[in-house]
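Treat the numbers as computed from the prediction; the structure is a model and nothing was measured. The sequence lines fix the lettering, A, B, ..., with proteins before strands; numbering per chain opens at 1.
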2 protein chains.
Amino acid sequence: MQNTAPHKRANLRDVAAAAEVSVATVSRVLNAPGSVARDTRLRVEDAMARLHWTPSAAARAINSGRSRFVGALVPTLDHDIFARLLAELESRLAEHRLSLVVATTRRRSADEARKAQGLLDIGAEGLLVSGAVRAPEFHALIERTRLPAVATSWYDPGYALPTVGYDNRAAALMALRHLTDLGHRRIAVLHGPLATNDRTALRVTALEESDHDLVFHATGMTIADGRAATRAALAAPVRPTALLCLSDVQATGALQECLHAGIRVPEALSVIGTDDLPGSAHLYPALTTVHLPVGRMGRVAADAIAGWVEAQRRPEAQLLDIALMARDSTAAPPSEA
Amino acid sequence: MQNTAPHKRANLRDVAAAAEVSVATVSRVLNAPGSVARDTRLRVEDAMARLHWTPSAAARAINSGRSRFVGALVPTLDHDIFARLLAELESRLAEHRLSLVVATTRRRSADEARKAQGLLDIGAEGLLVSGAVRAPEFHALIERTRLPAVATSWYDPGYALPTVGYDNRAAALMALRHLTDLGHRRIAVLHGPLATNDRTALRVTALEESDHDLVFHATGMTIADGRAATRAALAAPVRPTALLCLSDVQATGALQECLHAGIRVPEALSVIGTDDLPGSAHLYPALTTVHLPVGRMGRVAADAIAGWVEAQRRPEAQLLDIALMARDSTAAPPSEA
DNA sequence: ATGAAAGCGCTAACAA
DNA sequence: TTGTTAGCGCTTTCAT
């Protein structure tokens with residue numbers, strides 16, 4: 001029989017008592033171990049261990065005004081690109097001793113503001129968002145609270161939030177250039193929804209502004225959508241010699257459709273993607289695509305937001321390099337059509 | 001010029017002052033609105049809005065002893081299966097007004113205990129882990145702290161933690177049965193690392209214990225690994241007529257390899273997977289596989305942990321159904337070999 | 001229905 | 001180097 005209370009979690013006072021020091025000393029071995037005499041410190045640490053004590057994050061937060069976590073607002077986790085982004089964010093933030101709380105917006109503008117508010121309510125010190133946020137309430141919130149927030153997946157030094165990402169226009173044009181350099185003139189473009197995805201919109205706009213005569217096919221973001229859009233593109237009166245897909249997922253669908261339809265790639269049709277997903281190099285044929293540095297983007301964004309919340313350093317917009325990965329799905333167009 | 005303090009975030013006291021009530025009343029409109037007179041409540045709510053006030057999560061946590069978030073410990077986010085699991089967890093937990101903090105273990109036993117401790121330190125009320133956790137320190141931690149924790153991706157009513165998942169042995173045997181029913185006798189099995197993935201180990205063991213004469217090929221969890229292992233399997237002195245892949249990723253690699261090598265599937269070789277990833281139905285040929293209900297698992301697990309932390313209801317282990325998705329990558333073996 | 005006041009577990013200014 | 005003590009923003013008795 002012990003006469004201590006039944007089973008309450010120990011607190012700092014208990015540790016102080018057990019180590020026969022004051023609460024301040026215990027707090028010191030936590031926050032400034034150097035300022036505590038060696039054997040005092042040892043006694044305290046021993047007491048902490050005996051009582052299985054860990055400081056209460058809530059109590060520390062209330063005093064320090066810091067919660068040590070940031071929120072990430074992504075449209076979905078179903079797309080490999082966001083999953084990889086989060087993975088890198090999480091591991092890099094951990095190095096800054098920051099945790100990551102995840103929220104998904106399902107591409108709904110209403111969710112953007114609501115979930116951002118939710119993250120704020122639970123004490124997020126910063127926000128990471130993917131792409132431009134449409135909801136005006138979101139921006140009002142950020143402005144009002146002065147919450148550090150960085151946007152990823154695109155680059156725009158003029159945006160309200162610091163951006164860490166690549167040049168989406170350049171990515172689309174790089175793919176286009178590759179095709180035209182090979183001699184393609186009849187090119188169909190497969191792209192995702194413009195209304196809910198500004199990166200896609202940027203890519204499409206860049207292509208529209210080029211002098212080339214492109215046919216655009218809007219579709220969804222799944223492999224099945226890519227297949228369907230490919231069917232549509234190939235059924236056009238003037239059949240394209242190349243398919244420019246603004247997402248590797250759609251390109252994957254395009255390749256599948258060609259396989260099913262018996263169309264030889266790249267001999268009869270060239271296919272190029274955008275993203276360079278892990279699987280893209282292993283498709284049949286290996287997909288030529290524009291590499292978007294998602295992993296590095298995650299790390300850079302993590303450092304940016306960490307620097308901001310830790311040291312009040314508002315980061316500059318950062319442009320990350322993209323690169324053409326020429327593989328086996330593109331070639332010169334068939335000599336005569 | 002205002003003579004209020006520069007720009008401090010409002011607190012409950014400020015709201016009370018603005019509404020000309022006591023702090024207790026403000027607290028009440030938050031926690032028991034019914035017990036406050038209608039127009040007092042209106043006055044308070046108005047003050048809250050005017051001051052843009054939201055309660056501090058840390059302060060509430062310190063008083064209520066509740067942080068309202070749970071942690072998820074997953075090996076990686078790079079695999080579609082974990083990404084989908086997290087997506088479902090997050091959205092379902094949100095319905096319970098719980099947030100999700102993500103931590104990845106990179107399949108390292110040392111990380112399991114370290115990251116779990118980290119989640120605890122920041123105040124997680126519960127833990128969700130994927131698969132069996134090897135690290136003994138993890139279990140010691142759970143036991144000592146009595147932290148609600150549920151394991152997903154497998155089913156074992158005898159495990160230390162409540163499990164929410166499917167029968168991995170049955171999944172492997174279901175795939176095997178499909179092949180043998182078709183007449184296959186020479187079957188090669190492609191599987192991932194046994195040492196770090198217990199679900200894989202369960203599947204492999206089940207196959208080993210069957211009476212069938214199977215050849216096992218251990219490989220990694222990428223498409224490239226699947227391709228390499230397929231090459232190895234097909235180079236065997238007695239060439240298999242079917243490939244049983246314990247992951248759809250490996251099956252995808254197998255299909256790619258066959259495409260590259262000019263091996264016709266399913267005429268010359270049957271390929272079956274396990275997982276039923278979103279893309280699997282769109283491979284060429286469409287992959288026959290065993291469907292694992294990852295989405296539902298996420299929702300069920302979220303409900304389980306929520307019930308536990310909210311109502312101290314330790315959940316029962318839950319078995320989820322699996323199903324064979326017979327598509328185009330399997331057929332009877334070639335008549336003569 | 002409302003208010004006064006005592007904490008929750010910790011940090012940090014100030015003293016010694 | 002160590003201790004005392006006043007908060008941090010909120011919840012929760014206990015009065016009224």
Counting only pairs under 3.5 Å, give me each side-chain donor-acceptor contact of residues 306-320 of chain B, with atom names and distances, residues two or more places apart or in other chains.
residue: E310(B); atom: OE1; partner: R66(B); partner atom: NH1; Å: 3.1
residue: E310(B); atom: OE2; partner: R68(B); partner atom: NH2; Å: 2.9
residue: R314(B); atom: NH2; partner: A160(B); partner atom: O; Å: 2.9

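- OP1 or OP2 of dG9(D) has not a single side-chain nitrogen or oxygen of S56(B) nearer than 4.0 Å.
- Atom CZ in R9(A) sits about 12 Å away from atom C1' in dC10(C), given to the nearest Å.
- The backbone N or O of L42(B) lies less than 3.5 Å from no partner atom in the side chain of D39(B), so there is not a single donor-acceptor pair.
- Every side chain to side chain donor-acceptor pair (under 3.5 Å) that R50(A) has, sequence neighbours left out, goes to D46(A).
- In this structure D303(A) satisfies the side-chain contact (heavy atoms from CB on, under 4.5 Å) test together with R92(A), H96(A), sequence neighbours excluded.
- Contact annotation: T25(B) side-chain N/O to dG3(C) OP1/OP2 distance is under 4.0 Å.
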**Report entry** Annotated protein contacts, base or backbone, on nucleotides 11-16 of chain D with a non-hydrogen cut-off under 4.0 Å, one of B, S, - each
**Finding:** BB----
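- In this structure, CD of E20(A) is placed 14 Å from P of dT2(D), rounded to the nearest angstrom.
- In this view, V29(A) and V36(A), R41(A), V44(A), E45(A), M48(A) satisfy the side-chain contact (heavy atoms from CB on, under 4.5 Å) rule, not counting sequence neighbours.
- Nearer to the 5' terminus of DNA chain C, by closest-nucleotide assignment, is the contact made by R41(B) (compared with the other of I62(B) and R41(B)).
- Regarding L51(A), its CG atom lies at a distance of 14 Å from the P atom of dG9(C), rounded to whole Å.
- Every residue two or more places apart in sequence or in another chain was checked for a side chain to side chain donor-acceptor pair (under 3.5 Å) with D78(A), and none qualifies.
- Terminal axes of the helix from dA1(C)-dT16(D) to dA16(C)-dT1(D) (five pairs each, C1' rotation axis) are separated by 30°, to the nearest 10°.
- The side chain to side chain donor-acceptor pair (under 3.5 Å) check on R107(A) picks up nothing, with sequence neighbours excluded.
- The interatomic distance linking R38(A) (CZ) with dT2(D) (C1') rounds to 18 Å, in whole Å.
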Just distance, no hydrogens or angles: give the donor-acceptor pairs under 3.5 Å from side chains in residues 126-133 of chain A, sequence neighbours left out.
residue: S130(A); atom: OG; partner: S153(A); partner atom: OG; Å: 3.2

